[in-house]
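This is a predicted model, so every value here is computed, not measured. Numbered from 1 within each chain, the chains take letters A, B, ... in sequence-line order.
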Amino acid sequence: DSGVTQTPKHLITATGQRVTLRCSPRSGDLSVYWYQQSLDQGLQFLIQYYNGEERAKGNILERFSAQQFPDLHSELNLSSLELGDSALYFCASSVEGRGGLSPLHFGNGTRLTVT
Amino acid sequence: AQKVTQAQTEISVVEKEDVTLDCVYETRDTTYYLFWYKQPPSGELVFLIRRNSFDEQNEISGRYSWNFQKSTSSFNFTITASQVVDSAVYFCALSEARIQGAQKLVFGQGTRLTINP
């Protein structure tokens, strides 16, 4: 168990809808990351938050947004959903230290199916 | 631009065989980090190892070993005496350390390893 909690595990919704994915990082971790895993694109970095602030951005669509709250949990909001958004969405967290980049610890993912 | 290539899409071996998963990376930075992650059939991503660009020492952890060679931009992973429980998709990943604490992992496409009894 990585200590990163993601809810829900599965989500089925229709095109055009909006969903929110939730992530609780490991205790003590200040950074939260979102990744998308799809068959055609593989694992793609979406966005990173550190202690409530956006730290790095990847290939995140404008229809997607994220935030990290004062209690450090994070939410990924996906709107105007399209069939191609169907994927496994991972949240990860890490602790920042002086020794270089810390490894990411991933949650079990939320499987989103858009019909 | 960063890139990670795992040329082996699928590997299938019989239990107890040794198997090596290849990883070749591209980066312009002198400071970077390499990782291996395992994704078992249950779907989660499990961290295996991190290596920074200044540490070319090979590492061994039980049946797992990693060979990092900057000269060939490779970071290969070997499983000795494979077991059925090693069956998973293995990902190699690269991160450049451009901004303090910012981390964008670039993943390879993964190698699906099947260990047959």
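Between chain B and the options A:Asn108, A:Leu43, A:Leu30, heavy-atom pairs under 4.5 Å are most frequent for A:Leu43. For the set A:Ala92, A:Pro103, A:Gly107, A:Ser2, the count of heavy-atom pairs under 4.5 angstrom toward chain B peaks at A:Pro103.
Between atom CZ of residue B:Phe35 and atom CG of residue B:Leu45 there is a gap of 13.0 Å, rounded to the nearest 0.5 Å.
Applying the 6.0 Å contact sphere to CZ of B:Arg112 captures no more than 12 heavy atoms from other residues, nucleotides or ligands. Taking a 6.0 Å sphere around CG of A:Asn59, one finds it holds 12 or fewer heavy atoms contributed by other residues, nucleotides or ligands.
Aromatic ring orientation, B:Phe107 versus A:Phe106: perpendicular (interplanar angle above 60°, classes split at 30° and 60°).
Heavy-atom distances place the side chain of A:Gln37, and not its backbone, under 4.5 Å from chain B.
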